Student: 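Following this message is one structure expressed as C-alpha cells.
As the structure is a prediction and not an experimental result, all values here were calculated from the model.
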Amino acid sequence: MQELKHLKETPSQTAGPYVHIGCVPNFCDIEGVYPNDLGDSMVNDKTKGERITVTGTVYDGTGTPLKDAMVEIWQADAEGLYPGKDPRDQADPNFTGWGRKAGDYDTGEWVFETIKPGAVPFKDGRMMAPHITFWVVARGINIGLQTRMFFPDEAGANAQDPLLTRIEHQNRVSTLIAEKTGDGAYRFDIRLQGEGETIFFDV
Amino acid sequence: MTNQSKEGAFYQRDRGWHPPAYTPPYKTSVTRSPTKALISVDSTLSEIAGPVFNQNMLGELDNDMIMNFAQPGEMAIGQRIIVYGKVMDENGKPVPNTLVEVWQANAGGRYRHKKEGYLAPLDPNFGGCGRCITDEDGNYRFRTIKPGAYPWPNGVNDWRPAHIHFSIFGSGFGQRLITQMYFEGDPLIWKCPIVGAIPSKEAVECLIAPLDMNNTIPMDSRAYKFDIVLRGRRQTLFENRMEGL
Ligand SMILES: [Fe+3]
C-alpha cells in the first residue's frame, strides 16, 4: 500500500510561567528590545464600530485566579470582516482584530479595549452570532485552550448560533455569554475547571 | 493577499498525540485542566482567518538574542548557537510570513523575570526574547546562546532540560501553537514531567533539535535545526461551499 505522507503536528508544550518574556517583554520590564508589546492596542481614533471593553480573569479548579496566564483574542471588525486576509472583502484598516494581554501580576485580571464585532457567516451561509475568539495559555496548561465569548445583548442571534445550538448541555452555554457591567463594558471570566467550567472548543 | 480563499478548514487536531490537559506528574496541570469534553466543530472563518504580521515591524536585532539586549560593545555570555528551521503544515507545505517568537533562560538557567528566584545570576547583557518572520519558503533563523538547565518547584528535585520556548501563529488562528525545543543528547529530557506529559516517545522526538554541523559558522557558532509542523488545511474552497458546492 502507498503511504500517506502527512506530517504530524508539532506537539504542544505549556507556555510556562515566563511566557511574558517572549510575548509581552515590555510588560515584564524587558525594555528596549521591542518598541512595544504586540497586540497591546487593537484600535485607534479612526476605528469604526462601537467601543467596548472586555475584562476578565482566568480561574483554576479551586477558584484561584491565574496570575501567569496570557490571553489572546481574535475577532472580526464592525462589519463582520476579519483583518488581514479575509477572502470576502477588505476589513477596516484601522482595526487589528487581534489582541494579547497578560493577567495582572497581583489580581490576574486583564482588559481588552476593542470594538463590538459584526456577525460572521458559518460555512453553510447561516450567520454566527457576534463573538470573540479566545485563546488561553499558562503554566499548567499543556495545550492552548480555545473558547468564544458571546454578547448578552444578542439573545436572538445567540439562540440561532450554529455553534451554541449544537451544544448538548445547554445549561453550560451561559459560560460563554459575557456579563454586561456598564455602557460598552463586558466581563468574561474563564473557569478552567469545577463549577461553571467554561466550554472549550476543539475547532 | 487572499491566501485563505484557496485554503479550507483545518485537519482535526490529533488530541492523542498532544499532551492531554490532565497530567498529574506535572502538578500545576491538576487544577488547570478542563474536565469536560471539548466541543468539536469544523473550522469556521474565525479559525481559518488569522492575524497578519509584517517584516517591517521587526527590528534589526530581533532575531539576535546575543545582541538585542546587550550594552554597546557587550554580548550575552554562553555557548553561541544558531537555531534554524522551517515552519510547514501537515501537508509539508511551507508556511511563509508567519511570526515566530522565542524566549529562554540565560546560559546559567536563569530567566529575566520578577517571579524567578533561582540563585544562578542574571546576565546583564541577555534579555531572553527573540522573534522573526518566516520567509517565502517558511524558513526562520535566529542566533542565541544555549540556555542552561534549571530546577523548578514540582518535585523536590525536578530539573528542566535546556529548552527554548516557541510561539507560532501560522496562517489561521486555528493553527496557533506554543511549544518547546530541546537539545539533542540532553539526558534531562527523559526525566522531565513537562516533556513526560506528551504520550509517545515518537512525539517527544519531534521536539528535539539535532546538532547540525553543516550549518555551523566555523570558529563562531554551532547550529541546531528545529522544524515546526502546524495543522494542515483541507483543499476545499470555502466560498464554494458557501455557494452550495
Ligand atoms: Fe522554561
Student: Counting only heavy atoms closer than 4.5 Å, note whether B:V102 contacts chain A via side chain, backbone, both or neither.
Tutor: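 When you check distances to chain A, only backbone atoms of B:V102 fall under 4.5 Å.
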Student: To the nearest 0.5 Å, how far apart are CG in B:D89 and CD1 in B:I228?
Tutor: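 If I round to the nearest 0.5 Å, the distance is 13.0 Å.
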Student: Can you tell me which of B:A37, B:G59, B:G130, B:G232 forms the most heavy-atom pairs within a distance under 4.5 Å of chain A?
Tutor: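 Greatest number of close heavy-atom pairs with chain A: B:G130.
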Student: Can you tell which part of B:R131 gets under 4.5 Å to a heavy atom of chain A, answering side chain, backbone, both or neither?
Tutor: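 Backbone plus side chain of B:R131, per the 4.5 Å heavy-atom cut-off to chain A.
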Student: Please state whether the side chain, the backbone, both or neither of A:V58 comes within less than 4.5 Å of a heavy atom of chain B.
Tutor: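 Neither part; nothing is under 4.5 Å.
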Student: Tell me which of these, B:P20, B:G174, B:S33, has more heavy-atom pairs under 4.5 Å with chain A than the rest.
Tutor: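 Heavy-atom pairs under 4.5 Å are most numerous for B:S33.
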Student: Would you confirm whether the ring centroid of B:H163 sits within less than 6.0 angstrom of the ring centroid of B:Y150?
Tutor: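 Between B:H163 and B:Y150, which both carry aromatic rings, the centre distance is below 6.0 Å.
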Student: Using a cut-off of under 4.5 Å on heavy-atom pairs, state which of A:H169, A:E9, A:Q193 scores highest against chain B.
Tutor: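 The residue among A:H169, A:E9, A:Q193 with the greatest pair count is A:E9.
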Student: For the rings on A:W98 and B:F169, is their centre-to-centre separation under 6.0 Å?
Tutor: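 Ring-ring flag for A:W98/B:F169: true, centres closer than 6.0 Å.
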Student: Heavy-atom pairs under 4.5 Å with chain B are the metric here; pick the option from A:L163, A:T62, A:I199 that has the most.
Tutor: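 Looking at each option in turn, the highest pair count goes to A:L163.
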Student: Using non-hydrogen atoms and a 4.5 Å limit, figure out which bit of A:L66 sits close to chain B: side chain, backbone, both or neither.
Tutor: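 It is both, since atoms from each part get that close.
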Student: Top residue by heavy-atom pair count (under 4.5 Å) with chain B, among A:D29, A:L4, A:L38?
Tutor: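 It is A:L38.
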Student: Between A:Q75 and chain B, with a heavy-atom cut-off of 4.5 Å, which part of the residue counts as in contact: side chain, backbone, both or neither?
Tutor: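 Contact with chain B is absent: no heavy atom of A:Q75 under 4.5 Å.
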Student: Under 4.5 Å from any heavy atom of chain A, what part of B:L99 do you find: side chain, backbone, both or neither?
Tutor: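 It is the side chain, since no backbone atom gets that close.
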Student: Quick one: of B:L38, B:L207, B:I168, B:I178, who has the most non-hydrogen atom pairs under 4.5 Å with chain A?
Tutor: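 The answer is B:I178.
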Student: Going by distance alone, is a donor N or O of one side chain under 3.5 Å from an acceptor N or O of the other, for B:Q180 and B:R160?
Tutor: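 A donor-acceptor contact under 3.5 Å links the two side chains.
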Student: Between B:F166 and chain A, with a heavy-atom cut-off of 4.5 Å, which part of the residue counts as in contact: side chain, backbone, both or neither?
Tutor: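 Neither part.
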Student: Between A:I21 and chain B, which part of the residue has a heavy atom less than 4.5 Å away: side chain, backbone, both or neither?
Tutor: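 Answer is both: backbone and side chain atoms of A:I21 are under 4.5 Å from chain B.
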Student: Using a strict threshold of under 4.0 Å (side-chain N to carboxylate O), is an ion pair present between B:E47 and B:R233?
Tutor: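 No, B:R233 and B:E47 are not salt-bridged.
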Student: Could you tell me which of B:M88, B:H165, B:Q104 has the largest number of non-hydrogen atom pairs under 4.5 Å with chain A?
Tutor: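 Highest number of pairs under 4.5 Å: B:H165.
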Student: Of the backbone (N, CA, C, O) and the side chain (C-beta and beyond), which part of B:L177 lies under 4.5 Å from a heavy atom of chain A, both, or neither?
Tutor: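 Contact with chain A involves both backbone and side-chain atoms of B:L177.
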Student: Non-hydrogen atoms of chain A under 4.5 Å away: do they reach the side chain of B:V195, the backbone, both or neither?
Tutor: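 The answer is both parts of B:V195.
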Student: Quick one about B:Y182 and A:Q13 (side-chain donor to acceptor, distance below 3.5 Å, no hydrogens or angles considered), yes or no?
Tutor: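 Side chains of A:Q13 and B:Y182: pair found under 3.5 Å.
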Student: What part of A:R191 gets closer than 4.5 Å to chain B, counting heavy atoms only: side chain, backbone, both or neither?
Tutor: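 Interface part for A:R191: neither.
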Student: Is there a donor-acceptor pair closer than 3.5 Å between any side-chain N or O of A:T175 and the backbone N or O of A:G196?
Tutor: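 Answer holds: no.
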Student: Assess whether a salt bridge exists between B:D158 and B:K27, defined as any Lys/Arg side-chain N lying under 4.0 Å from an Asp/Glu carboxylate O.
Tutor: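 Between B:K27 and B:D158 there is no salt bridge, as every charged N stays at least 4.0 Å from the carboxylate O atoms.
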Student: Is A:P162 in contact with chain B via its backbone, its side chain, both, or neither, using a 4.5 Å heavy-atom distance?
Tutor: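 No part of it gets close to chain B.
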Student: Is it the side chain or the backbone of A:P83 that comes within 4.5 Å of chain B heavy atoms, both, or neither?
Tutor: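 Backbone only.
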Student: Check whether B:T134 reaches the backbone of B:N97 with its side chain - one donor and one acceptor, N or O, closer than 3.5 Å.
Tutor: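 Present.
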Student: Only pairs of heavy atoms separated by less than 4.5 Å count here; which of B:M57, B:E101, B:R15, B:H113 has the most with chain A?
Tutor: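 Option with the greatest count: B:H113.
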Student: Using non-hydrogen atoms and a 4.5 Å limit, figure out which bit of B:Y26 sits close to chain A: side chain, backbone, both or neither.
Tutor: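 Side chain only.
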Student: Do B:Y11 and B:N91 meet the criterion of a side-chain donor-acceptor pair at a distance under 3.5 Å?
Tutor: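 B:Y11 vs B:N91: donor-acceptor pair found between side chains.
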Student: Please flag which part of B:A203 lies under 4.5 Å from any non-hydrogen atom of chain A: side chain, backbone, both or neither.
Tutor: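 Both parts, heavy atoms under 4.5 Å.
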Student: Below 4.5 Å, heavy-atom pairs only: which of A:K67, A:E72, A:H20, A:E168 has the largest tally toward chain B?
Tutor: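 Answer, by heavy-atom pair count under 4.5 Å with chain B: A:E72.
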Student: What part of B:K115 is in contact with chain A, defined as an atom under 4.5 angstrom from a non-hydrogen atom: side chain, backbone, both or neither?
Tutor: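 Interface part for B:K115: both.
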Student: For the candidates B:A21, B:G172, B:P34, which exhibits the highest count of non-hydrogen atom pairs separated by less than 4.5 Å from chain A?
Tutor: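 The candidate making the most pairs under 4.5 Å is B:P34.
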Student: Using non-hydrogen atoms and a 4.5 Å limit, figure out which bit of A:Y105 sits close to chain B: side chain, backbone, both or neither.
Tutor: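 For A:Y105, heavy atoms of backbone and side chain both lie under 4.5 Å from chain B.
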Student: Select one option (side chain, backbone, both, neither) describing which atoms of A:K8 are under 4.5 Å from chain B's heavy atoms.
Tutor: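 Contact with chain B is through both the backbone and side chain of A:K8.
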Student: Heavy-atom cut-off 4.5 Å, strictly under: side chain, backbone, both or neither for B:S40 against chain A?
Tutor: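 Both backbone and side chain of B:S40 come within 4.5 Å of chain A.
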Student: In terms of heavy-atom pairs under 4.5 Å with chain B, which of A:C23, A:G16, A:P17 leads?
Tutor: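 Top count of heavy-atom pairs under 4.5 Å with chain B: A:C23.
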Student: Under a 4.5 Å heavy-atom cut-off, does chain B meet the side chain of A:E197, its backbone, both or neither?
Tutor: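 Contact with chain B is through the side chain of A:E197 alone.
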Student: Between A:R187 and A:E109, is the closest basic N to carboxylate O distance under 4.0 Å?
Tutor: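 A salt bridge is present here (some side-chain N lies under 4.0 Å from a carboxylate O).
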Student: Supply the atom-to-atom distance B:L45 CG to B:F173 CZ, rounded to the nearest 0.5 angstrom.
Tutor: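 So the CG of B:L45 and the CZ of B:F173 are separated by 14.5 Å.
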Student: Is chain A contacted by the side chain of B:F126, its backbone, both, or neither, given a heavy-atom distance below 4.5 Å?
Tutor: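 Nothing of B:F126, per the 4.5 Å heavy-atom cut-off to chain A.
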Student: Step by step, would you call A:L145 with A:F134 a side chain to side chain contact (heavy atoms under 4.5 Å, CB included)?
Tutor: CA-CA 8 Å; A:L145 297 169; A:F134 276 69; over 6 Å; no
Student: Could you measure the distance from the CE atom of B:M67 to the CE atom of B:M75? Nearest 0.5 Å is fine.
Tutor: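 With rounding to 0.5 Å, CE (B:M67) is 5.5 Å from CE (B:M75).
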Student: State, yes or no, whether a side-chain contact exists between A:W135 and A:R100 at a heavy-atom distance under 4.5 Å.
Tutor: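 Contact flag for A:W135/A:R100 side chains = no.
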Student: Might you work through the side chain to side chain contact (heavy atoms under 4.5 Å, CB included) test for A:V19 and A:D68, ending with a clear yes or no?
Tutor: CA-CA 8 Å; A:V19 62; A:D68 48 16; over 6 Å; no
Student: Any salt bridge linking A:R148 with A:D161? Criterion: basic side-chain nitrogen under 4.0 Å from a carboxylate oxygen.
Tutor: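 Looking at A:D161 together with A:R148, the answer is no, because their closest N to O distance does not fall below 4.0 Å.
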Student: Name the region of A:V120, side chain, backbone, both or neither, that has any atom closer than 4.5 Å to a heavy atom of chain B.
Tutor: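 The side chain, not the backbone.
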Student: For B:E202, look at atom CD and say whether over 12 heavy atoms of other residues, nucleotides or ligands are found less than 6.0 Å away.
Tutor: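 Open: at most 12 neighbouring heavy atoms sit under 6.0 Å from CD of B:E202.
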Student: Verify whether one side chain among B:S46 and A:Y82 offers a donor that lies under 3.5 Å from an acceptor in the other.
Tutor: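 Looking only at side-chain atoms, A:Y82 and B:S46 do form a donor-acceptor pair, the distance falling under 3.5 Å.
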Student: Does any heavy atom of chain B fall under 4.5 Å from the side chain of A:H131, the backbone, both, or neither of them?
Tutor: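 Side chain of A:H131 only, per the 4.5 Å heavy-atom cut-off to chain B.
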Student: For each of A:Q146, A:M128, A:R172, tally heavy-atom pairs with chain B at distances under 4.5 Å, and name the one with the top tally.
Tutor: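 Top count of heavy-atom pairs under 4.5 Å with chain B: A:R172.
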